[in-house]
Trainee: 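To start, I am sharing the structure in question, which I have written as structure tokens.
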Amino acid sequence: MDLPVRGLWLLPTRMRIEKLKRFFAVPPSTPGVLLVQREELAAMTSSYASLDLPEGWKILPTNSDGLADKCREVWPAVSKLDWIGLGCDDLRPQTVDWDKKLIAEITGKNIVTCDDGVQHDARMSGITVFSGGVLRAMGYMFPPHFWHTYVDNVWEDIGRGANCWTYVGDVLVEHDHPFRNQQLDPALADETTYKSYGQQARDVQAYQHWIATDKEAVIKRIKEMA
């Protein structure tokens, strides 16, 4: 399989060792990093050491806590890559070679998603791969002010507006999403869930601000890419 050669998976995580083990049950063969806040890593050293990470994967300590801030922190180090994949610790890959099959669909300017077992091709709510070109045209992976939620709305607006969204329906990476029918299911929630979704009001404002100030310009830049 002919793949873009310079890329990396980013998997921000927080206090979910058992879920990480489920994520790696169908292991990727392409490189990646777990983004773990330094304080958490120091407190849970033995727990993280118990992970059987695939070849080419390592733990990268971050100063930041939270999905968006962790990705912003590492963005300068990964911004020149051919592709960047973004995962979450509540995903469970089911398809063998899921990573290679998604990366194989990367072009110079697109965003690639797959079946998440819940919302399928309707949302970018599962694992996502970005071409380096489209991220550089955007100027960021996460726009300013976002904490965790609503950034999938940003990517969907870009994917539809710039016609750069590729959906791979024969790859399944299930998402153990804590919401059912727009309501949080306490049986699926943990401390990380409440921290992640605890600033939705802020994220709604950030999304509305992005629509008003940057959406059309970003779509235009991607459409104008060679």
Side-chain angles (χ1 to χ4, degrees), residues 3-14 30-37 60-88 91 99 102-114 123-168 196-197 199-226:
L3 301 178
V5 293
R6 296 180 62 250
L8 191 70
W9 292 98
L10 304 179
L11 205 166
T13 185
R14 185 178 186 277
T30 45
V33 291
L34 298 181
L35 302 180
V36 183
Q37 187 186 26
L60 181 64
T62 66
N63 295 316
S64 304
D65 187 20
L67 174 64
D69 286 344
K70 287 177 179 177
C71 289
R72 290 191 193 100
E73 182 175 333
V74 301
W75 168 246
V78 302
S79 61
K80 295 182 180 180
L81 296 175
D82 294 333
W83 60 269
I84 299 172
L86 180 61
C88 294
L91 296 172
D99 56 324
L102 295 179
I103 297 165
E105 299 298 326
I106 284 290
T107 67
K109 56 172 186 177
N110 72 339
I111 304 171
V112 177
T113 64
C114 66
R123 300 297 312 274
M124 288 190 188
S125 62
I127 205 156
T128 307
V129 191
F130 304 85
S131 73
V134 80
L135 282 178
R136 287 186 287 275
M138 289 165 59
Y140 42 69
M141 182 176 294
F142 278 75
H145 311 304
F146 284 78
W147 168 253
H148 183 101
T149 58
Y150 281 85
V151 73
D152 45 359
N153 297 71
V154 170
W155 301 331
E156 291 161 14
D157 289 348
I158 292 170
R160 294 188 178 104
N163 194 28
C164 64
W165 180 358
T166 301
Y167 174 74
V168 184
S196 298
Y197 290 89
Q199 300 193 45
Q200 282 188 300
R202 161 185 163 175
D203 287 343
V204 169
Q205 290 183 341
Y207 178 52
Q208 292 171 342
H209 178 76
W210 178 82
I211 290 173
T213 61
D214 205 24
K215 174 181 174 179
E216 294 307 321
V218 168
I219 291 172
K220 183 174 185 289
R221 289 198 298 271
I222 294 173
K223 284 183 174 180
E224 291 176 348
M225 289 173 61

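The first residue in the sequence is number 1, and the count goes up from there. On a predicted model such as this, the values are computed, not experimentally measured, just so you know.
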Trainee: Is the closest side-chain heavy-atom distance between W165 and R160 below 4.5 Å?
Mentor: yes
Trainee: So if I apply the ring-ring contact (aromatic ring centres under 6.0 Å, His included) rule between F142 and each of W155, W147, W210, Y207, which one comes out positive?
Mentor: W155
Trainee: So, for I158 and C164, which heavy atoms are closest and what is the spacing to 0.1 Å?
Mentor: O-SG, 3.7 Å
Trainee: What is the minimum heavy-atom distance between G87 and P12, and which atoms define it?
Mentor: O-CD, 3.4 Å
Trainee: Does K70 reach the main-chain N or O of T13 with its side chain, forming a donor-acceptor pair under 3.5 Å?
Mentor: yes
Trainee: Restricting to non-hydrogen atoms, name the atom on P31 and the atom on G7 that form the minimum distance, rounded to 0.1 Å.
Mentor: CG-O, 3.6 Å
Trainee: At what distance, to the nearest 0.5 angstrom, does CD1 of I219 lie from CG of D214?
Mentor: 10.0 Å
Trainee: Could you state the interatomic distance from CG (D82) to CZ (R6), rounded to the nearest 0.5 Å?
Mentor: 5.5 Å
Trainee: Show, in sequence, the C-alpha distance, side-chain angles and deciding distance for K220 and E216, and conclude whether the salt bridge (Lys or Arg N to Asp or Glu O under 4.0 Å) test is met.
Mentor: CA-CA 6 Å; K220 183 174 185 289; E216 294 307 321; over 6 Å; no
Trainee: Kindly indicate whether the side chain of I84, heavy atoms from C-beta on, has any atom under 4.5 Å from the side chain of L86.
Mentor: no
Trainee: Could you tell me if the side chain of W83 sits less than 4.5 Å from the side chain of L102, heavy atoms only?
Mentor: no
Trainee: Of all the heavy-atom pairs spanning M225 and G108, show the shortest one and how long it is.
Mentor: CE-O, 3.6 Å
Trainee: Please confirm whether the backbone N or O of Y150 pairs with a side-chain atom of D203, one donor and one acceptor, at under 3.5 Å?
Mentor: no
Trainee: Look at the side chain of E156 and the backbone N and O of R123, then say whether any donor-acceptor pair between them is shorter than 3.5 Å.
Mentor: no
Trainee: Carefully, step by step, assess L10 and W75 under the rule side chain to side chain contact (heavy atoms under 4.5 Å, CB included).
Mentor: CA-CA 10 Å; L10 304 179; W75 168 246; over 6 Å; no
Trainee: With the side chain counted from C-beta on, respond yes when V154 and P143 share a heavy-atom pair under 4.5 Å apart, and no when they do not.
Mentor: yes
Trainee: Say whether, by atom type as modelled, one donor and one acceptor occur between the side chain of R221 and the main chain of V134 under 3.5 angstrom.
Mentor: no
Trainee: When rounded to the nearest 0.5 angstrom, what distance separates CG in N163 from NZ in K109?
Mentor: 9.0 Å
Trainee: Keeping the roles fixed (side chain from S131, backbone from I106), state whether a donor-acceptor pair exists under 3.5 Å.
Mentor: no
Trainee: Judged by atom type as modelled, is there a donor-acceptor pair below 3.5 Å linking the side chain of D69 to the main-chain atoms of G66?
Mentor: no
Trainee: Supply the atom-to-atom distance D99 CG to T30 OG1, rounded to the nearest 0.5 angstrom.
Mentor: 3.5 Å
Trainee: What's the shortest heavy-atom distance between N63 and Q37, and which atoms?
Mentor: O-NE2, 4.0 Å
Trainee: Is any side-chain heavy atom of V151 closer than 4.5 Å to one of Y140?
Mentor: no
Trainee: Of all the heavy-atom pairs spanning S79 and R136, show the shortest one and how long it is.
Mentor: O-NH1, 2.8 Å
Trainee: Can you tell me how far the CE atom of M124 sits from the CZ atom of F130, to the nearest 0.5 Å?
Mentor: 7.0 Å
Trainee: Side chains of S64 and E73: any donor to acceptor distance under 3.5 Å?
Mentor: yes
Trainee: Can you measure from CG (D152) to OG1 (T128) and round to the nearest 0.5 angstrom?
Mentor: 8.0 Å
